[in-house]
Colleague: 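There's a structure below that I have some questions on.
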Amino acid sequence: MAHAELAFPEGAAADWTVPQDWAAYTPEEHAMWDRLFERQAAMLPGRVVPEFLEGLDILRMTRPGIPDFAELSERLMKRTGWQVVAVPGLVPDRVFFEHLANRRFVAGRFIRKPEQIDYLQEPDVFHDVFGHVPLLTHPAFADYMQAYGEGGLRADHMGAIDHLARLYWYTVEFGLMRRDGDLRLYGAGIVSSFGESVFALDDASPNRIGFDLKRLMRTEYRIDDYQQSYFVIDSFEDLLAKTADVDFGPVYRELEGESDLAPDAVAAGDRVYHRGTQDYARA
Ligand code: HBI
Ligand code: FE
């Protein structure tokens, strides 16, 4: 999703990173992290893929307080070569892709205020670090995230960022996985949200569609509400195999101009939750 011209942040480096300045966090900010962490840690076991919980342990994220990115990066680097760098907020697409292509995950350093506990527009440190970082310990997912960054740099040259951003949205942010005949959460946007961690698995309303690259890339999304559709993968290895060595050029050309919601699904929802909301904006 192309961002309106973002203003270059005061004091940031050329790659938009800033020091995390972990010592500057207040006790209230650490307490906000603990409040969010405890709520999710209590409800995710049995809902989230086990690799997510393993990632929390590997990175010792179960310790109280906002994690120190330098410590996370040290452990992560040993596992999959990734590191976590701090940014003040959203960064331009190209900058974002460049970091991912070099195994650097950009994480907001700010944390939400109590009144924003259930929703905020920009990714804060809880969304980025609790939501995204644990799965970077998983080799196939770590490879997928780097491949996404490399794909983003190519898509940028083809003017196809919007189509590729849907792939990120419906996997990295809002993906579900089949596991032992059941569904499990893995998308960061879901696992960092109490409400959507319930809705995405338990509510009858949303579509749950087996992963299909073209159908996924046709399906638009909204950033301000629970998803109308979730896409379901079989494994991170399978997701990687279906995307890493694919030349998306022909796919982008085929989809050009199309903007069909293609909501028919493996398990179509009754859409009760979304009844009355305006339909997805047409591209
Ligand atoms: N910047 N900090 C930050 N975090 C994101 O998740 C992010 C971003 N810029 C662009 C972006 N995501 C998406 O538009 C890309 O997937 C295209
Ligand atoms: Fe995110």
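Whatever order the structure lists them in is the order used to number ligands and atoms, beginning at 1.
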Colleague: Within 45° of the axis and under 6.0 Å from the centre of the six-membered ring of Phe231, does NZ or CZ of Arg215 qualify?
Modeller: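 Geometry flag: not set, cation outside 6.0 Å or 45°.
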
Colleague: Atoms of ligand 1 less than 4.0 Å from Val91 heavy atoms?
Modeller: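 Answer, ordered by atom number: 1 (N), 2 (N), 3 (C), 8 (C), 9 (N), 10 (C).
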
Colleague: Quick one: look at Tyr148 and ligand 1, take heavy-atom pairs under 4.0 Å, and tell me if it's side chain, backbone, both or neither.
Modeller: side chain

Colleague: Tell me which part of Phe97 gets within contact of ligand 1: side chain, backbone, both or neither, using heavy atoms under 4.0 Å.
Modeller: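 Looking at Phe97 and ligand 1, just side chain atoms fall under 4.0 Å.
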
Colleague: Ring centres under 6.0 Å, that's the criterion: do Phe236 and Tyr144 meet it?
Modeller: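 Ring-ring flag for Phe236/Tyr144: false, centres at least 6.0 Å apart.
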
Colleague: Considering distance alone, does some N or O of Tyr168 sit under 3.5 Å from an N or O of ligand 1?
Modeller: no

Colleague: Using distance alone, decide if ligand 1 has a nitrogen or oxygen within less than 3.5 Å of any nitrogen or oxygen in Pro92.
Modeller: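 No, there is no polar N/O contact under 3.5 Å.
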
Colleague: Could you verify whether a donor N or O on one side chain and an acceptor N or O on the other, from His132 and Glu173, lie under 3.5 Å apart?
Modeller: yes

Colleague: For the ring pair Phe130 and Phe37, is the centre-to-centre distance below 6.0 Å?
Modeller: yes

Colleague: Flag Asp93 as yes when one of its N or O atoms lies below 3.5 Å from any N or O atom of ligand 1, and as no otherwise.
Modeller: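 Checking ligand 1 against Asp93, an N or O pair does fall under 3.5 Å apart.
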
Colleague: Please check if any side-chain donor atom of Arg103 sits under 3.5 Å from a side-chain acceptor atom of Gln146, or the reverse.
Modeller: yes

Colleague: Do any of the N/O/S atoms of Asp128, backbone or side chain, fall under 2.8 Å from the Fe ion (ligand 2)?
Modeller: no

Colleague: So, regarding Gly89 and ligand 1 (criterion: nitrogen or oxygen to nitrogen or oxygen, under 3.5 Å), is there a contact or not?
Modeller: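 N/O-N/O distance under 3.5 Å: yes.
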
Colleague: Considering just N/O/S atoms, say which atom of His132 is closest to the Fe ion (ligand 2).
Modeller: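 Closest N, O or S atom of His132 to the Fe ion (ligand 2): NE2.
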
Colleague: In residues 237-245, what donor-acceptor pairs under 3.5 Å come from side-chain atoms, sequence neighbours left out?
Modeller:
residue : atom : partner : partner atom : Å
Asp238  : OD2  : Lys242  : NZ           : 2.8
Thr243  : OG1  : Leu239  : O            : 2.7
Thr243  : OG1  : Leu240  : O            : 3.3

Colleague: Which one of Val85, Val129, Leu72, Val133 satisfies the side chain to side chain contact (heavy atoms under 4.5 Å, CB included) criterion with Phe105?
Modeller: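 Of the listed residues Val85, Val129, Leu72, Val133, the side chain to side chain contact (heavy atoms under 4.5 Å, CB included) partner of Phe105 is Val133.
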
Colleague: With respect to the Fe ion (ligand 2), what is the nearest N, O or S atom of Glu173?
Modeller: OE2

